[in-house]
Number of protein chains: 2
Amino acid sequence: MTSAEALEILEGYLQKKGLKTTAQRRLITEVFFDPRFKHDHPSVDSLYQHVRTRDASVGYATVYRTVKLLVECRLATPRQLGPTDKETRYEPEAPGEHHDHLVCLECGFIVEFENEEIEALQHQVARHFGFAIREHRMVIYGNCSRADCERRPTAEARPTP
Amino acid sequence: MTSAEALEILEGYLQKKGLKTTAQRRLITEVFFDPRFKHDHPSVDSLYQHVRTRDASVGYATVYRTVKLLVECRLATPRQLGPTDKETRYEPEAPGEHHDHLVCLECGFIVEFENEEIEALQHQVARHFGFAIREHRMVIYGNCSRADCERRPTAEARPTP
DNA sequence: GTTGGTGCAAATTGTTTGCATATAA
DNA sequence: TTATATGCAAACAATTTGCACCAAC
């Protein structure tokens, strides 16, 4: 999903709700869907930093409020990847799509994947317990095999050993 | 796992680390593994409340510090069930065991389950991306079919299955 | 007696909110 | 024109920490 498509969805949502399209909301959405940035699962703070490089007058609260709007119209999903992460991180979403995550406990490297067999089994389990599935979250933690694993230790994915 | 077994593991851990076994640590562990309580996935606050009914002099900080110890020796796992939960909740663990969760979005009802087929597929996916699995977290959200669903709107006040 | 533990209150951190002003519709 | 948005600072809520006194070893 491109920034332009996301903006269209956002504007439709705002209109429907009688809310206003502002320069800040457009900028934040644009940055959030920036191809160079959209796989970062950014925290609000990280998004705020990027936004500030393009308009230093934008306030922290506005970023929080806009991210909340993006979540409401399903353009963003809150995630708690790293088992030790304190901040909530957000991921750009195309409505209808879904994927899960593999997270490297050493270097924080994240892989997104989809697996229909697992999804089918989840529905089966849910049905067995009388649940109607609305959504699910699955994160697999492990060690990746990239050559430069360990060389980029990030704060994000480090549980107590 | 009984309170007694948990206590034994904790005391072993404390000894190994040169830390001390105190009445508070014993009490908190006992309450955390109390059979009437151990499936509640309690928050630190909820655990604190229960502990206070048995010793009103125990402080909030001590409960936090003790829970941290329990996590370190793998007797507790931090969870963020409810997509809207603010507080971290903790679950008593028997080392080696594992289960996932079904959470009702309406009433907060939680079912624990295990599914070997899903676990096998997770390993397959991980291998495909060159990851060695260390652990995983899976939560399925949906609507349960219990007769009194909706009547218990908070995740804290949950029935025993 | 020494080292680590506790309770309290104060500090920190991520997030939200009240308010006066600014801006889209 | 009029409702909604913004930026700022203050408020909040969950969690952590500094410190003087206590208690396990």
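To find a chain, count down the sequence lines: A is the first, B the second, and so on, and within it residues start at 1. Any value given below was found using the heavy atoms of this structure, including those in side chains, with hydrogens, waters and symmetry copies removed.
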- Message: Is it the case that C:dG4 (base atoms only) and B:Arg65 (side chain only) share a donor and an acceptor within less than 3.5 Å, ignoring hydrogens and angles?
- Response: no
- Message: Taking 4.0 Å as the cut-off, does a side-chain nitrogen or oxygen of A:Tyr64 come that near to OP1 or OP2 on C:dT16?
- Response: no
- Query: Any idea which of C:dG7, D:dT6, C:dG5 is nearest the A:Arg25 side chain?
  - Reply: D:dT6
- Taking only Lys NZ, Arg NE, NH1 and NH2, and the carboxylate oxygens of Asp or Glu, determine whether A:Arg79 and A:Glu93 approach each other closer than 4.0 Å. yes
- Output yes when A:Lys38 and A:Glu91 qualify as a salt bridge under the 4.0 Å nitrogen-oxygen rule, no when they do not. no
- Between B:Lys68 and A:Tyr60, who's closer to the 5' end of DNA chain D by nearest nucleotide? A:Tyr60
- Item | Spacing of B:Leu14 atom CG relative to D:dC25 atom P, expressed in whole Å | 9 Å
- Task: Indicate whether OP1 or OP2 belonging to D:dT6 is found under 4.0 Å from a side-chain N or O atom of A:Thr22.
- Result: yes
- Query: Expressed in angstrom and rounded to an integer, what is the separation of B:Glu87 atom CD from D:dA13 atom P?
  - Reply: 11 Å
- Between A:Gln24 and C:dT23, is there a side-chain N or O to OP1/OP2 distance below 4.0 Å? no
- Spacing between A:Asp55 atom CG and C:dT23 atom P, to the nearest angstrom: 12 Å
- Rounded to the Å, how far apart are B:Gln15 CD and C:dG4 P? 14 Å
- Task: Send over the distance from A:Tyr48 OH to C:dG14 C1', rounded to a whole Å.
- Result: 14 Å
- Task: Determine the contact category for A:Ser43: base if any of its heavy atoms lies under 4.0 Å from a base atom, sugar-phosphate if only primed atoms, P, OP1 or OP2 are that close, otherwise nothing.
- Result: nothing
- Task: Specify the separation, in whole Å, of atom CD of A:Gln49 and atom C1' of C:dG14.
- Result: 14 Å
- Message: Any salt bridge linking B:Glu72 with B:Arg74? Criterion: basic side-chain nitrogen under 4.0 Å from a carboxylate oxygen.
- Response: no
- Find out whether the Lys NZ or Arg CZ of B:Arg146 is both under 6.0 angstrom from the six-membered ring centre of B:Phe109 and within 45° of the ring's axis. yes
- The side chain of A:Thr21 lies closest to which of these nucleotides: C:dA25, D:dT15, D:dT6? C:dA25
- Identify, between B:Gly59 and B:Lys20, the residue whose nearest nucleotide on DNA chain C lies closer to the 5' end. B:Lys20
- Give the nucleotide from the list C:dG7, C:dG14, D:dG7 with an atom nearest to the side chain of A:Thr62. D:dG7
- Message: Please report the distance, rounded to the nearest Å, between CZ in A:Arg89 and C1' in C:dT13.
- Response: 17 Å
- Query: Mind checking whether B:His39 and B:His41 have ring centres under 6.0 Å apart?
  - Reply: no
- Query: Taking NZ from A:Lys86 and C1' from D:dT15, how many angstroms apart are they, rounded to a whole number?
  - Reply: 5 Å
